[in-house]
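What follows is a single structure, written as structure tokens, with notes after it.
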Amino acid sequence: MDTAKKRARIIFHIDMNSFYASVETAHDPELRGKPLAIAGKVEDRRGIVVTSSYEARAQGVRTTMPVWEAKRHCPELIVKTPNFPLYRATSQRLFQLLRSYTPLVQKVSIDEGYMDVTEVASDIHPVQLAKSIQQKVLDTLKVPSSIGIAPNKFLAKMASDMKKPLGITVLRKRDIQSKLWPLAVGEMHGVGSKTEEKLKRIGIHTIGDLAKSDKAYIAERFGLYGEKLYERANGIDHRMVDPEAEETFKSISQSTTLSDDTTSVAVVRKTLMMLAEKIEGRLRKKKVSAYQITLSIRYHDWKNISRGHTVKQPIQTKDDIMGHIMPIFHEHWDGRPIRLLGITVQSFEELGHASKQLDLFSYQSDLKDEPLIQAINQIESKFGEGMIGSAANYKNAHRSRKKDAGHDH
Amino acid sequence: MQDVMNSNNHDTALAMKFSITKDKLVENVNHVMKAVSSKTTIPILTGIKITASHDGITLTGSNSDISIKSFIPLEENDEEYATIEKTGSVVLQARVFSDIVKKLPSEFVNIEVDSRLITRITSGSSEFNLNGLDAEEYPRLPLIEEGNVLHVRTDLLKHVIRQTGFAVSTSETRPVLTGVNWNIQNGNLNCVATDSHRLASRTISIDADENAEYKNIVIPGKSLNELSKILDDSSGEWVEIVITESQILFKTKHLQFYSRLLDGNYPDTNRLIPTESKTDIILSTKALLQAIDRASLLAKEERNNVVKFRTLEDSIEISSQSAELGRVFENVELQSLEGEELKISFSAKYMIDALSRIESQEIRISFTGAMRPFLIRPVEDEGILMLILPVRTY
């Protein structure tokens, strides 16, 4: 923190422009210059626009718009289903490329990241550097990006948003008043629609309003989060670019819209089972277990609820998931027709560090592993700790060093 | 016209009138407020029922789980608490009434209800007029026939509640585990609570009919907690306990506390308590509690609050580590160690909960393996037993 204050840093925020659509276009030159949307299954109503090209946006196509509506705005719209493996591979190449400039690269999601270029920019002008990175990305990946240049992460993020596509925007501390403050507070990174509403209710409409408000008052209403927002609005953000942070992800979610609204418990169970299976697969791939589970229900009238709890036994398998999710469902479902179901697990622990609070009524089922654990203890007391461990943990130790381009958040 | 005249006469007629010392009123309102919930399906239960009779004033509060009746005598120990001018009853909005009486300016309060149930509360120069509800609408408390009555000293009852109530489950997954299971047999009362990760059991002898036998009485942990708060153990009073099919009544001189009993069969925990052990240690309760407390400074940052525990020659080593914060080691001296060496992990919180409820200076901990429940008991007193399930680390 001290060094951060003493020495001005130069932070880039790189944001890929309509990433999925750009990647598709890069791989199929036929698509260039045409309105393109990436959407879920096109044939049923799961088809919601995930992203679209600038050509499509110009004709009113918006993210989360159902495909039929998008087509009404833009009849010649080309709709493709997402090709996640391709996007992940492209993302991986992108970050490799960024790391060739500096190791201080923090991946935030599949298509955006921060770079701390303070050292690199000592013998090249930051804007020159940004231009060269942007050109290099465009040349090798054929994907446009926007870069924000600022003394900290928040301002860099806000800056990259200001000019798209292929924009480069510098946001200095002294530019805040003119460039940042006039923006609606909802435009601010970190302010969701709920917060925006609450802020508006207390008369805060622009980022400037927030910056000029009373810090104590904001802190009182919004807690620590509010304090941070207030600071950011004033251009203050002490977060460092952390190359390690990319490895951590906070939750895994799976959800699906039902092809017909349902009140059938059997359908719900089958659907949740399918989601649970997917989550099990993702957990296995990540080599983690989860300690929090949430069920989301969207009713036919688009009312959403999510209910969950924290557990003491690590969640690893679909049976673990079902064992928690069905009781949550029965407790909270009010009997109305359901349109969408989702499961989120979070609060992860690497398998090697997992711990399970045993249960008086079921600990017997763990006893089958007791001889093994005793054997491990004996070997350890003879040869020292860490001499032996389960194979899953061993593999994990190696796997975790590899880059994973998953899009979990 | 005649009717109107009559009703006008009634309007001015007095339905109830008394005066009372403010302190006594506040104290008793606080008691019954423990039973009043703002979330109730029966609107009148958001109120407190106030009844003035010739011998005193009774306050009643109730929710679906508990009902509390608190009595204020006209006088006691040469102190005058209340005077009644007209007997009667009314129901007043509990939250508002309770807030009002706490803030009244004088040490005396006059309460006057007219036939339209408008309630005038005056104290010093302050006057409140509240709309009352008809006390006839207030549900009757369960009628409990006093067949077998058990007697327990108030301080002992509070003790038993403290030593078991903490271990009830807070999750509704198995509702019966949110209660404390009471069994009465051969003049003994055994109380057991478990959230399935730890268990607390306490047995005391009570004053009851030799033949009195009750099994599977499951009292909501919340009820016992509230009861414990309002029982006054300074007076050396005894509590009378009456148990029926679906209710339990705790009675002291001026207090009646009813609680619903939980449905369902409480699991047979006796067979879950290990009877043999492979490693037995005896050590100072306080030394262990303090060491675990220190280790938990790091453990509480981690999942399941894990501390590691292993036996050395004549001591045990307690350790804990947090990926972010660092690690801690501490040795605690043992009075004795019998049996195999052992390494085990458990939740610091559960250990602290259990140890802080054992008064005796030395405890015996009996282990039967790293993945099996272990027992903590005072070396002397056999009436109390704490069981904890370990944490399995991978």
Side-chain angles (χ1 to χ4, degrees), chain A residues 244 248 287-292 307 309-316 323-324 326-328 330-332 346-381 385 388-394 396, chain B residues 167 169-177 192-200 267-269 271-274 278 299 302-308 310-312 319-324 340-350 368-374 387-394:
Chain A
E244 305 291 324
T248 62
K287 299 280 177 212
V288 292
S289 48
Y291 289 82
Q292 260 181 51
R307 297 287 181 272
H309 58 220
T310 302
V311 298
K312 292 196 167 64
Q313 273 78 14
I315 295 170
Q316 283 164 2
H324 290 291
M326 285 312 289
I328 298 176
H330 284 300
E331 192 179 338
H332 294 289
Q346 52 198 357
S347 190
F348 297 115
E349 191 87 84
E350 271 180 46
L351 274 188
H353 297 161
S355 66
K356 174 178 181 180
Q357 171 62 57
L358 297 177
D359 184 296
L360 183 58
F361 303 104
S362 67
Y363 74 92
Q364 306 280 356
S365 66
D366 281 277
L367 289 179
K368 61 178 191 308
D369 297 334
E370 200 175 32
L372 179 70
I373 287 185
Q374 268 166 359
I376 291 176
N377 280 345
Q378 269 165 19
I379 293 172
E380 277 189 348
S381 62
E385 296 212 5
I388 186 167
S390 91
N393 300 344
Y394 182 71
N396 183 39
Chain B
S169 169
T170 51
S171 139
E172 289 292 331
T173 334
R174 277 181 82 177
V176 79
L177 294 187
V192 174
T194 179
D195 60 4
S196 86
H197 301 127
R198 34 80 181 272
L199 174 149
D268 177 10
T269 48
R271 70 182 171 80
L272 297 168
I273 295 169
K278 287 188 180 159
E302 294 294 292
R303 196 98 43 204
N304 287 328
N305 259 304
V306 184
V307 291
K308 291 192 166 148
R310 71 181 173 124
T311 56
L312 304 171
S319 63
S320 179
Q321 61 175 339
S322 148
E324 271 132 46
E340 303 172 3
E341 43 178 89
L342 173 90
K343 261 168 104 176
I344 194 167
S345 302
F346 51 78
S347 151
K349 179 182 184 298
Y350 294 161
T368 35
M371 297 198 0
R372 297 165 189 264
F374 58 91
L387 172 148
I388 296 175
L389 272 295
V391 167
R392 174 180 177 182
T393 53
Y394 292 82

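It should be emphasised that the depicted structure is a prediction, and the values quoted were computed from it without experimental measurement.
- Residues B/Leu389 and A/Asp359 form no side-chain contact, since every pair of their non-hydrogen atoms from C-beta on lies 4.5 Å or further apart.
- For chain A, the nearby parts of B/Arg372 are the backbone and the side chain; heavy atoms of each come within less than 4.5 Å.
- Neither the backbone nor the side chain of B/Leu342 comes within contact range of chain A; no heavy atom of the residue lies under 4.5 Å from a heavy atom of that chain.
- For a residue to count as touching a neighbouring chain, one of its non-hydrogen atoms must lie under 4.5 Å from one of that chain's; by this rule A/Glu331 does not touch chain B.
- Looking at B/Phe346, neither its backbone nor its side chain comes within 4.5 Å of chain A, counting heavy atoms on both sides.
- Counting only heavy atoms from C-beta outward, the side chains of B/Met371 and A/Gln364 never approach each other to under 4.5 Å.
- In this structure, CG in A/Leu360 is found 8.0 Å from OG1 in B/Thr269, a value given to the nearest 0.5 Å.
- With a 4.5 Å cut-off on non-hydrogen atoms, B/Ser171 does not touch chain A at all.
- Between B/Tyr350 and A/Gln357, some side-chain heavy-atom pair lies under the 4.5 Å cut-off.
- Contacts of B/Leu199 with chain A are made by side-chain atoms alone, with heavy-atom separations under 4.5 Å and no backbone atom involved.
- B/His197 is not listed as a side-chain neighbour of A/Leu358, based on a closest heavy-atom distance of 4.5 Å or more.
- Judged by the 6.0 Å distance and 45° axis criteria, B/Arg174 is positioned over the aromatic ring of A/Phe361.
- Both the backbone and the side chain of A/Ser347 have a heavy atom closer than 4.5 Å to some heavy atom of chain B.
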